[in-house]
Amino acid sequence: MLTPALASLLPLLILCRISFCQYSSDQCSWKGSGLTHEGHTREVEQVYLRCSQGTLEWLYPTGAIIVNLRPNTVSPAATRLSVCIKPSAESSGTNIYLDRNGKLRLLLREEDQAQGKVHCFSIQEGALFIEAVPRMDISRRITAFQYELVNNKLGAEAHSLDAACQPCSDAEMLLAVCTSDFVARGNIKKVEQEEEHSSVTVQISRLYRQKTQVFASGGVRARSWTGRIKMSLRCGVKSGEGEFLFTGTVRFGEAWMGCAPRYKDFLRLYHEAQQQGTNPCHVDTD
């Protein structure tokens, strides 16, 4: 018979089993196993991830888990975020849905996950409901993906293969230099047409900023960098002469092109804004 103290703790222990006991310790990434659901295959685990990027790995998936992506901020700007997920090439064993107030919308079928394509949705569209596909055997399967939180514009455009390549306005061009994940001056050396995007090889003569090392140094004495930037096929970019100012975003370790004016055009625009006192930030143009 349970003592009064244990009896009072029992509801809390049950709640822990359902909701908290498999949470990631760092709140950025989660790794769990469906084998712990043995005898409880109808149970739905709740997972909370509170960082701007991380990973999820679910081995031997059974039943379902609900993944709540909630950033550690109370700012109104948090409601304007998008979530982008990129499944690994080995990901299988589940179907992934968006769950908004109990209404499910299919986001990614099991058979589509191995393609590794990026899928984005507004954070207001709900949590991820990841449901295991029933199996008769216990062969090894794993559902795994990376996730990143981005602002809605980047989520909608940075990975949209049908995004129109509209020229940036003057204001957008100046702001891009201040807010982009990378800003670099250089030339286009080669353009390769891949299945769903163009891969632009660039040689950089001046590197203003890079969030991660997307451009590799040519050596201590070379003072030059090389790298690849992805673009939509619709942009029709071609290699050629002339210097450009490359700006853009880094998503899942890959650089995606944003505004890319010819450097002489940017220089003229920047000096005009400097004289008018409307530059959003300082850029060393010497």
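All values below were derived from every heavy atom in this structure, side-chain atoms included, with hydrogens, water molecules and symmetry-related copies excluded. Model, not experiment: these values are computed from the prediction.
Taking CZ from Arg100 and CZ from Phe121, the interatomic distance works out to 12.0 Å, rounded to the nearest 0.5 Å. Distance CG/Leu149 to CZ/Arg50: 12.0 Å, rounded to 0.5 Å. Atoms CG and CD, from Asp99 and Glu125 in turn, are 12.0 Å apart once rounded to the nearest 0.5 Å. Distance CE/Met173 to CG/Leu269: 6.0 Å, rounded to 0.5 Å. Here OG of Ser232 is found 10.5 Å from NE2 of His197. Values are rounded to the nearest 0.5 Å. Note that CG of Leu81 and CD1 of Ile123 are 5.5 Å apart. Values are rounded to the nearest 0.5 Å.
Taking every heavy atom of both residues into account, Cys120 and Val118 meet most closely at SG-CG1, 3.9 Å. Nearest heavy atom pair, residue Ser180 against residue Gly248, reads CB-O, 3.4 Å. Nearest heavy-atom pair across Ala89 and Ala114 is O-CB, 3.4 Å. Smallest separation of non-hydrogen atoms from Leu107 and His119: O-ND1, 4.3 Å. The two atoms that bring Asn279 and Leu174 nearest to each other are OD1-CD2, 3.9 Å, heavy atoms only. Residues Ala255 and Arg228 come closest through the heavy atom pair CB-O, 3.7 Å.
A donor-acceptor pair is defined here as one N or O able to donate and one able to accept, closer than 3.5 Å; such a pair exists between the side chain of Tyr147 and the backbone of Cys28. Here the side chain of Gln275 pairs no donor or acceptor atom with the backbone of Glu272 at under 3.5 angstrom. In this structure, the side chain of Glu57 does not engage the main chain of Lys31 through any donor-acceptor pair within 3.5 Å. Side-chain N or O atoms of Ser33 include one that pairs as donor or acceptor with a backbone N or O of Leu35 at under 3.5 Å. Judged purely by atom type and a 3.5 angstrom limit, Thr179 uses its side chain to pair as donor or acceptor with the backbone of Leu175. Of the possible donor and acceptor atoms, none in the side chain of Asp181 sits under 3.5 Å from a partner among the backbone N and O of Lys211. Without hydrogens or angle criteria, Glu172 side chain to Ser169 main chain gives a donor-acceptor distance under 3.5 Å. Under a 3.5 Å cut-off, the side chain of Gln210 and the backbone N or O of Val214 do form a donor-acceptor pair.
Using a cut-off of 4.0 Å between Lys/Arg side-chain N and Asp/Glu carboxylate O, Arg141 and Glu90 are scored as not salt-bridged. Comment: Arg206 engages Asp284 in a salt bridge, judged by a side-chain N to carboxylate O separation of less than 4.0 angstrom. Comment: Arg251 engages Glu148 in a salt bridge, judged by a side-chain N to carboxylate O separation of less than 4.0 angstrom. Salt bridge status for Glu254 with Lys230: present, with a side-chain N to carboxylate O gap under 4.0 Å.
Side-chain contact check for Gln27 versus Tyr48: every heavy-atom pair is 4.5 Å or farther apart. No side-chain heavy atom of Thr55 sits under 4.5 Å from any side-chain heavy atom of Phe145. Asn187 places none of its side-chain heavy atoms less than 4.5 Å from the side chain of Val202. Within the 4.5 Å cutoff, side-chain heavy atoms of Ser205 are placed close to those of Glu243. Side-chain contact between Ile65 and Trp30 is present, with heavy atoms from C-beta onward closer than 4.5 Å. Taking 4.5 Å as the limit, some side-chain heavy atom of Ile96 sits within range of a side-chain heavy atom of Leu128. Contact of the Leu98 side chain with the Leu104 side chain is not registered, since no non-hydrogen atoms from C-beta on lie closer than 4.5 Å. Within the 4.5 Å cutoff, the side chain of Thr201 has no heavy atoms near those of the Val191 side chain.
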Test side chain to side chain donor-acceptor pair (under 3.5 Å) on Ser198 and Gln193; report intermediate values, then the result. CA-CA 5 Å; Ser198 298; Gln193 306 297 324; 3.0 Å; yes
Quick one, Ile130 with Val67, criterion side-chain contact (heavy atoms from CB on, under 4.5 Å). Give me CA distance, side-chain angles, the key distance, then yes/no. CA-CA 8 Å; Ile130 306 178; Val67 182; 3.8 Å; yes
Intermediate values then yes/no, side-chain contact (heavy atoms from CB on, under 4.5 Å), Phe244 and Arg185: CA-CA 6 Å; Phe244 294 85; Arg185 172 184 173 184; over 6 Å; no
Give the intermediate values and the outcome of side-chain contact (heavy atoms from CB on, under 4.5 Å) for residues Phe246 and Ile204. CA-CA 9 Å; Phe246 303 114; Ile204 303 302; 3.9 Å; yes
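Taking the six-membered ring where tryptophan is involved, the planes of Tyr263 and Phe266 are tilted, since the angle between them lies from 30° to 60°.
The ring of Phe182 has its center closer than 6.0 angstrom to the ring center of Phe215.
Side-chain atoms of Thr143 and Thr94 include a donor-acceptor pair closer than 3.5 Å. Using a 3.5 Å distance cut-off with no hydrogens or angles, the side chains of Gln274 and His271 do not pair a donor with an acceptor.
Put simply, the residue from Leu56, Val47, Val83 that forms a side chain to side chain contact (heavy atoms under 4.5 Å, CB included) with Leu69 is Val83. The residue from Cys168, Cys178, Cys259 that alone fulfils the side chain to side chain contact (heavy atoms under 4.5 Å, CB included) condition with Thr247 is Cys259.
Other residues, nucleotides and ligands contribute at most 12 non-hydrogen atoms within 6.0 Å of the CZ atom of Arg109.
The cluster map of Ile, Leu, Val, Met, Phe, Trp and Tyr, joined by side-chain heavy atoms under 4.5 Å apart, puts Ile229 and Leu245 in different clusters.
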